[in-house]
Each structure stands twice: as C-alpha cells, then as structure tokens.
Amino acid sequence: MRHLLDLSLAELRTWLADNGLPAYRAAQIQKWIYEKRAASFDEMTDLPRDLRERLVGEFQIFTSTTVAHKIADDGTEKLLLQWPDGQRIECVLIREGKRRTICISTQVGCAMGCVFCASGLDGVARNLTTGEILEQMLLLNRIQSTEERLSNIVVMGMGEPLANLDRLLPALDQAGRPDGLGIGGRHITISTVGLPPAMDRLTAMKTNYHLAVSLHAPNDELRNQIVPVNKNIRIPAILEAADRFFADNGRRLTFEYVLLGELNDRPEHARELVELLRGRTALLNVIPYNAVAGLPYKTPSHKAQERFLNILAEAGVNVQVRTRKGDKIDAACGQLRRSFPQPTDASAAVTIEPLATN
Ligand code: SAH
C-alpha cells in the first residue's frame with residue numbers, strides 16, 4: 001500500500017492517467033482531503049465507485065495510529081502518532097484567539113543532541129516522509145471544529161527540519177497551495193539548530209518562510225556544552241548564514257534562547273548576547289526551560305528570568321518571552337513520547353485523554 005500523501009498533485013494525475021482515468025479526478029480527491037477533511041475514500045461520494053475501490057486497493061490516506069490524544073484546558077491538543085514501523089512522533093495544535101498554530105515533527109528522534117531536550121535523548125531513528133509530515137497537518141486539521149481553520153505552522157516538533165529539507169519542502173509547498181491548506185510561507189516558521197549550508201539553501205530558494213535559529217548561548221564555549229553539534233559549526237558561521245538569509249529575503253530572523261537555570265541565565269550571558277546581536281535586525285525569543293524528567297536542567301527562577309530580560313530590553317534588543325502553551329500535557333518537544341512506554345508488540349491503543357491542567 002502506498003501513502004497517498006506522498007504523491008504530489010502531478011504524481012496523482014500521472015497515476016490516474018496510467019489507469020486510464022481523467023486527470024481532473026486528482027483535484028477532486030485533493031479537495032476531499034484538504035478542504036473537506038476526509039479520512040477515507042468511501043466519503044468521496046462524487047467519485048465513481050470503481051475509482052474509489054481502486055484507490056482503496058492501492059492507497060492509504062492516513063498510515064498512523066493515534067496512541068494518545070491529550071487536551072489541555074488552554075485548548076492545546078497534542079497527538080502521539082505511531083507509524084506502521086512502530087516509530088512514534090508528536091504534533092500539537094495550539095489555539096490563541098483566532099490563531100490556530102500547528103507544531104509538527106520532521107524526524108523520529110533527533111541527532112543534534114541538545115543536552116536539555118527530550119527528543120534527542122535516544123538519537124535519531126529516521127527521517128519522516130513528506131506524506132508523514134503532511135499527515136500530521138491533516139490530522140490536526142481534523143480535530144478542529146468545522147468553524148476553525150489552521151492559520152500558522154511552526155516546524156518545531158521532534159527532529160531537525162534542516163536535516164530533512166528534501167521531504168519537508170514538498171510538504172510545506174502543499175500546505176501553502178490554495179487547494180492545499182492555504183497556509184502561505186509568511187505563516188510558516190522553520191526552527192533550526194543552525195546548519196549554515198542548509199540555511200544557505202533556503203536563502204538561495206528565495207522562500208518566504210520565517211526562520212528561527214536556536215542559539216541558547218552567547219559564546220561557543222557554552223554553546224558547545226548545551227548544543228554539542230556546535231563544535232563542528234560555531235556561532236560566527238551561523239550568524240553569517242543568518243545575515244545572508246536576512247539580506248536576501250528581508251525577513252527578520254528570530255533567535256531562540258532556552259533559558260536554563262544557573263547555566264545560561266546569568267547577567268554576563270545577557271550582556272554578551274547584546275553584543276552578539278548588536279546591529280542585527282532580529283527578534284530574540286526567550287523560552288523558560290520546560291523541565292524534562294530524568295534530566296538535571298532547571299527552569300530559571302522568576303528573578304533570574306526578569307534580570308536576564310531586563311538587561312536585553314534596556315540595551316534595545318527586541319526580546320519577547322514565549323509563553324508556554326500546554327505544558328501540562330508535555331507539549332515541549334519530545335516529552336509526550338517519553339511519557340508513554342513503547343509496547344513490545346507495537347500494537348497501539350487509542351486513548352482519548354482529556355486532561356485537567358490545574
Ligand atoms: N531542531 C530544531 C527544532 C526543534 S526544537 C531546533 O533546534 O530549533 C524547537 C525549539 O524548542 C528549540 O528552540 C528547542 O531548543 C526548544 N526546546 C526543546 N526542548 C525544550 C524544553 N524542554 N523546554 C523549552 N524549550 C525546549
């Protein structure tokens with residue numbers, strides 16, 4: 001069985017042509033999936049029955065099993081999905097006013113090894129396919145009420161998106177199409193640990209995606225400790241690639257800084273960060289660490305957070321604190337997956353679990 005979502009519109013048309021069927025059926029199928037939120041070919045009542053039967057015999061629309069579905073009081077919903085090979089990933093729907101933001105994963109696990117992050121504790125198992133990336137978007141689309149519409153995508157789930165660009169880009173392209181989810185590049189943020197060659201690739205493609213770079217430290221010595229891949233990259237190379245991205249597409253960059261108690265939250269770190277960002281048109285997103293069970297890192301005290309932010313704001317850095325959504329449902333990167341032990345026989349049960357958050 002093939003994953004239908006792995007096929008582009010052109011490939012679906014080719015399949016139809018190869019089967020002696022008219023190309024316009026492809027648009028009809030897309031409309032059912034993206035606009036009418038269909039989950040099965042049986043629902044596609046304006047397709048001839050024999051075509052529906054051929055599709056059922058050849059393709060699956062969704063290939064995952066939902067292992068857990070958690071709902072927080074603030075409206076955040078999180079899905080833990082299991083693919084046919086037993087691998088699991090997470091994705092999240094965040095509700096803020098009229099905004100409906102989805103946070104999606106690009107890899108099973110992560111190879112970057114950031115010491116505080118739950119996703120990379122066991123390394124990376126594999127890349128997700130284009131279909132698997134799109135499937136997360138469509139499943140999250142379906143859990144909304146019919147009045148709700150997805151408005152934004154953040155590629156901030158499990159994995160390093162720039163290490164799987166070849167599969168991510170077609171998925172984002174489909175998401176952006178008017179006959180897809182209609183979420184344009186300006187409403188899509190790709191978060192990266194900072195891989196300069198892949199950043200340059202995005203720059204050269206002249207995409208209008210928003211780029212967020214996870215910095216987490218103001219100097220290489222500290223960043224090498226927190227983000228081990230930095231030893232082979234180094235901050236100056238990342239900032240130069242970030243500058244080239246800004247120069248070429250004019251989009252302001254975001255730097256993310258996970259604030260870790262007594263590790264990167266001292267006044268001298270804030271002052272060093274001011275120097276690093278001086279002269280750059282950038283937004284600094286400070287994220288107080290969401291503690292991960294079993295790891296020794298701490299959420300910084302309120303006093304330390306305030307002190308850190310004040311130094312930056314007073315120096316004129318455009319800084320904001322990212323409020324945590326759904327933290328009671330383990331919404332930070334890779335945490336839900338760890339809180340569910342993997343069954344040995346890979347048979348997954350569906351558990352719908354509304355969760356009180358206070
Ligand atoms: N690999 C990419 C995208 C995934 S992580 C990247 O590094 O940017 C998305 C963001 O969440 C990163 O800034 C990451 O450092 C942050 N993050 C991961 N675990 C976290 C935690 N427990 N608390 C707060 N932020 C976390």
Side-chain angles (χ1 to χ4, degrees), residues 76 78 89-92 94 101-124 127-128 133 136 152-165 167-168 172 188-196 198-199 202 209-217 222-223 225-230 233 235 238 241-242 245 253-261 263-265 282-300 305 308 320-339:
T76 303
K78 182 156 188 168
I89 57 101
E90 309 171 5
C91 54
V92 189
I94 301 151
T101 303
I102 56 172
C103 176
I104 55 164
S105 295
T106 51
Q107 298 181 310
V108 178
C110 185
M112 300 300 115
C114 301
V115 294
F116 57 85
C117 175
S119 286
L121 290 176
D122 302 319
V124 67
N127 283 324
L128 294 181
I133 295 169
Q136 298 170 61
N152 298 72
I153 299 174
V154 295
V155 190
M156 291 191 183
M158 297 173 66
E160 170 49 45
L162 294 201
N164 193 17
L165 261 188
R167 294 169 192 87
L168 172 63
L172 294 181
I188 297 177
T189 300
I190 303 176
S191 178
T192 176
V193 74
L195 304 177
M199 290 166 72
L202 275 181
Y209 301 126
H210 201 102
L211 197 60
V213 179
S214 294
L215 197 56
H216 309 332
L222 185 58
R223 195 168 195 266
Q225 272 177 50
I226 300 174
V227 183
V229 289
N230 189 62
I233 305 171
I235 294 173
I238 294 174
F245 183 84
L253 268 116
T254 300
F255 290 98
E256 291 160 287
Y257 195 103
V258 171
L259 208 55
L260 299 150
L263 187 58
N264 64 358
D265 64 343
L283 173 71
L284 183 71
N285 248 343
V286 173
I287 316 160
Y289 182 55
N290 202 359
V292 174
L295 292 183
Y297 305 98
K298 289 183 289 198
T299 307
Q305 289 184 36
F308 192 85
Q320 72 179 26
V321 185
R322 204 158 79 201
T323 52
R324 297 199 313 229
K325 292 276 167 191
D327 54 344
K328 295 288 191 337
I329 54 167
D330 295 328
C333 198
Q335 294 186 11
L336 182 62
R337 185 176 71 140
R338 294 200 75 77
S339 66

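For ligands, and for the atoms within them, numbers begin at 1 and follow the listed sequence.
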Need the ligand 1 atom indices (1-based, order shown) with element for anything under 4.0 Å from a heavy-atom of [X].
| X | result |
| --- | --- |
| Glu256 | 10 (C), 13 (O) |
| Met156 | 4 (C), 5 (S), 9 (C) |
| Gly159 | 1 (N), 2 (C), 3 (C), 4 (C) |
| Val292 | 22 (N) |
| Val193 | 6 (C), 7 (O), 8 (O) |

Below 4.0 Å from any atom of ligand 1, is there a heavy atom belonging to [X]?
| X | answer |
| --- | --- |
| Gly157 | yes |
| Glu160 | yes |
| Ala291 | no |

Structural part of Thr192 in contact with ligand 1, heavy atom criterion under 4.0 angstrom: backbone
Could you see which bit of His216 sits under 4.0 Å from ligand 1, with heavy atoms only: side chain, backbone, both or neither? side chain
Is there a donor-acceptor contact under 3.5 Å from the side chain of Asn285 to the main chain of Tyr257? no
Do any N/O atoms on [X] end up under 3.5 angstrom from N/O atoms on ligand 1?
| X | result |
| --- | --- |
| Asn290 | yes |
| Tyr289 | no |
| Pro288 | no |

